K.L.:
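Take this structure first; my questions come after.
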Amino acid sequence: MTLSTLSRRSLLKAGAAGLAATALPFGFAKAQSPIVLGAVYVGPRDDFGWNQAHATAMAILKTVPGVTVIEEENVPETDAVSQSMESMINLDGANLILATSFGYYSPFVVDLAKKYPDVQFRHAAPLWKEGDPTNAGSYFCYLNQAHYVDGVAAGLSSPTGKLGFVAAKPIPSVLSNINSFLLGAKKTNPAATVQVIFTGEWSMPVREAEATNALIDAGCDVITCHVDGPKVIVETAEARGVKTCGHNASQAPLAPTGFITGAEYKWSTIYSLYADLLAKGEPLPNFIAGGYHNDMLQNSPYGAGATPEAIAAADAAIAGLKASEPIYVGPLKDNAGNVVIEGTMDNYDPVLDGMNYLLEGVVGSLT
Amino acid sequence: MDSSAIVTVLIAMLGGAIRVSTPFMFVALGETLTEKSGRINLGLEGNLVLGAMVAYAISFHTGSPWLGVLAAGVAGLILGALHGYICKLPKVNDIAVGIAFMSFGTGLAFFFGKPYIQPSAPRLESIPLGNWTGNPALAQALQVNPLFFVGIVLAVAMAWALRNTRWGLIVRMTGDSAASAKAMGVSVDLVRFLATAAGGFLAGIGGAFLSLYYPGSWNQGLSSGQGLMAVALVIFARWNPIRCIFAALLFGAAGAIGPALQSVGISQGYYFFNAAPYILTLFILIASASSKGAAREAPGELSITK
């Protein structure tokens, strides 16, 4: 027992030292130094959702000469991700880690970034801030803009104005999608409401189906969601004759009669930029974020559930977002009646990253 | 909470009981049969997931969901038979083999299931039993899949057969006292092999329900531990097939509480309500375990009771 522990430890140490020796003097400054990129996913790479959106865009990085991509899927947001990342660093020699799930950042990415100052970490959520390790960073697409477009279309496609939202966890980016979906719907139907059900898990198909049924039983006639893989939700709603808006990737083929449109990432824009910088041997930015104005989002092709007016309004909303038209126009109250947004917010205002409320018109609560 | 909200939650619980219970039912019945013969198969989670994947793949390729159900059963049967065969070998611990088979079954399903996450396969139809009510929510709750009835009939048949047939007696005897069975000239290993294989078959069918009916899609998070919970339900139901049905229904109904309460506006504390099935199981388990009958009803040959 002691022997194996010892040898394992010394192996890890030797690995880290070796890596430090090669990485320190050159870092990314030299284009020839090989980049070993470790990508960590929270679910399967072909989940019709979040992980698939990342994995398909990751393919771009695989084409860059001198870049080796190693991937691990189904890594939970626990200590397991630290172990995955450390083994990528120590055993595979990874010097760039892309951690693609929200819960990976703190404390796991932050701690490892301190422990391995020569390894670059980039994490897919707007969490990096000044004072965090400089070898860590964030990249993010503000999907809420595309959910806003969904809302605009849903407001004109829903006969009752009662919209339903199946959400995984009450974290800021999910809340921002719910609130933007509501504001979009209110733009075209001021009486619209959004009822939200939190499942508490990123992927829990049976509970997602139960939540969809519960929303439909409560009278909602458009269902959208923010979970890792929306396939079950879209198919359940379609089977019950209710319209849907998608999330993460295009679910249009799953709902031939009820699909309106869906919010999709274009991670490829960011990964192409990374690929470009890596090829030139230049450092990666600590923080990049974007939305419609810099081609980091798209909406799924309109389905049969979208009315002609809805399509026109959604197209206009997209054009507005490209011209940086604001979504959060104050004063806005939360659903407990407190004023949470005083004035008009820029779509990328960092204050919005800390969103911890549901706006007036959303039925649901955070805890 | 006004009365209409209570009605909504109750209808949702009824619907949840009918929709969610079937896989629990099949796995629990399969496990009951296996444990009645004196062996524990903890690996039924693997059968469930592999069954779900095989059913979806076969339904996708042949266009016939019922063929998928059959194939799922066969896949489960093979896993169960392997478990039964390995446990026959000397000094093999059935619990350890079960855990290995859980990983083996899910791993196999994930490996071969990759290409089937994206496509949509034909699903099982349900029988609309609630159209006379005129209440759309109730009508929806009463959309019942034939497998649900198959499960109930099977439970009744199994309870009757265990009690009243020669075969049932043999299974119970090997489960309660291997020595007596041997004295009677019964091959204990053969009985347990067949019981484990049959149990695996049932668990595979439970998986087919998951992927072909509710939630009706194949992906890696589909089961999220339902096969394991179902094995726990057997202890909860004290190795009685009829009680397995009630346990499964109760578990399904409790699972619907979380989403249903949020849909009527009681949205505080959803993490707690989502945990309702587990909390409920824990309490009933404690309540039932403290009775003297519990120990008496456990098959005497189980490696956990020995």
Side-chain angles (χ1 to χ4, degrees), chain A residues 42-49 51-52 73-74 164 166-167 169-170 195-220 227-236 238-241 249 253-256 335 358 362-367, chain B residues 5 8-9 11-13 15-16 19-20 23 52 110 113-120 123 126 135-141 143 210-211 213-226 252 255-275 277:
Chain A
V42 75
R45 276 171 292 177
D46 34 18
D47 61 354
F48 241 111
N51 299 294
Q52 186 181 327
E73 47 183 15
N74 291 323
V166 182
K169 300 186 182 197
Q195 181 155 20
V196 59
I197 291 185
F198 288 101
T199 62
E201 302 287 341
W202 289 115
S203 177
M204 190 77 159
V206 174
R207 198 178 292 155
E208 286 159 13
E210 280 296 292
T212 310
N213 278 314
L215 285 171
I216 297 169
D217 289 339
C220 298
V227 296
D228 270 353
K231 190 181 178 200
V232 163
I233 293 169
V234 172
E235 285 186 335
T236 305
E238 176 79 1
R240 290 199 57 180
L254 302 176
N335 63 1
L358 293 165
V362 180
V363 184
S365 69
L366 300 186
T367 53
Chain B
T8 307
V9 172
I11 290 177
M13 285 173 70
R19 286 190 295 253
V20 180
F110 287 3
K114 276 273 170 204
Y116 301 105
I117 295 177
Q118 297 267 351
S120 285
R123 298 205 248 165
S126 57
N135 177 337
L138 198 56
Q140 182 61 34
Q143 293 266 350
L210 277 180
S211 66
Y213 184 66
Y214 195 79
S217 175
W218 160 247
N219 68 54
Q220 300 184 358
L222 184 63
S223 148
S224 23
Q226 291 181 55
I257 292 177
L261 282 179
Q262 287 190 69
S263 82
V264 297
I266 301 179
S267 42
Q268 291 274 333
Y270 55 85
Y271 276 106
F272 178 74
F273 292 121
N274 281 342

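Just so we're on the same page: letters track the sequence lines, and every chain starts at 1. Since the model is a prediction, treat every value here as computed from it, not as a measurement.
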K.L.:
Could you report the tightest heavy-atom contact between B:P215 and A:T236, atom names first, then the distance?
P.N.:
O-OG1, 4.4 Å

K.L.:
Compare every heavy atom of B:Y270 with every heavy atom of A:S365, then report the nearest pair and how far apart it is.
P.N.:
O-CE2, 3.6 Å

K.L.:
To check you understand the geometry: which heavy-atom pair defines the closest contact between B:Y116 and A:K231, and what is its length?
P.N.:
O-NZ, 4.4 Å

K.L.:
Where does B:I11 contact chain A at under 4.5 Å (heavy atoms): side chain, backbone, both or neither?
P.N.:
neither

K.L.:
Report which part of A:V166 has an atom under 4.5 Å of a heavy atom belonging to chain B: side chain, backbone, both, or neither.
P.N.:
neither

K.L.:
Are B:F110 and A:E73 close enough, and set up right, to give a side-chain contact (heavy atoms from CB on, under 4.5 Å), and what steps lead you there?
P.N.:
CA-CA 12 Å; B:F110 287 3; A:E73 47 183 15; over 6 Å; no

K.L.:
More than 12 heavy atoms of other residues, nucleotides or ligands under 6.0 Å from CZ of B:F272: yes or no?
P.N.:
no

K.L.:
Is it true that A:E238 and B:R123 make a salt bridge, defined as a side-chain N closer than 4.0 Å to a carboxylate O?
P.N.:
no

K.L.:
A:G364, A:S203, A:A239: which one forms the most heavy-atom pairs within less than 4.5 Å of chain B?
P.N.:
A:G364

K.L.:
Non-hydrogen atoms of chain B under 4.5 Å away: do they reach the side chain of A:A209, the backbone, both or neither?
P.N.:
both

K.L.:
Based on non-hydrogen pairs under 4.5 Å, which of B:L222, B:N274, B:N219 is most in contact with chain A?
P.N.:
B:N274

K.L.:
With only heavy atoms counted, which part of A:I216 is less than 4.5 Å from chain B, the side chain, the backbone, both or neither?
P.N.:
neither

K.L.:
Taking atom OH of B:Y214 and atom CG of A:N213, what is their separation to the nearest 0.5 Å?
P.N.:
4.0 Å

K.L.:
For the residue pair A:I197 and B:P259, what are the closest heavy atoms and their distance?
P.N.:
CD1-O, 3.4 Å

K.L.:
Highest number of heavy-atom pairs under 4.5 Å with chain B: which of A:R45, A:R207, A:M204?
P.N.:
A:R207

K.L.:
Testing the 3.5 Å rule here: is there a donor-acceptor pair between the side chains of A:N74 and B:Q220?
P.N.:
yes

K.L.:
Go through the atoms of A:T212 and report whether side chain, backbone, both or neither lie under 4.5 Å from a heavy atom of chain B.
P.N.:
neither

K.L.:
Nearest 0.5 Å, please: how far is CD in A:E210 from CZ in B:R19?
P.N.:
4.5 Å

K.L.:
Would you say the side chains of B:S120 and A:E235 form a donor-acceptor pair under 3.5 Å?
P.N.:
yes

K.L.:
Side chain, backbone, both or neither: which part of B:P115 has an atom under 4.5 Å from a heavy atom of chain A?
P.N.:
neither

K.L.:
Please name the pair of heavy atoms, one in B:Q262 and one in A:Q195, separated by the smallest distance, quoted to 0.1 Å.
P.N.:
O-NE2, 3.4 Å

K.L.:
Considering all heavy atoms of both residues, which atom of A:P205 and which atom of B:S224 are nearest to each other, and what is their separation?
P.N.:
CD-OG, 4.4 Å

K.L.:
Taking side chain as everything from C-beta outward and backbone as N, CA, C, O, which of these in A:Q52 sits under 4.5 Å from a heavy atom of chain B? Side chain, backbone, both or neither.
P.N.:
side chain

K.L.:
Heavy-atom distance under 4.5 Å to chain A: side chain of B:Q226, backbone, both or neither?
P.N.:
side chain

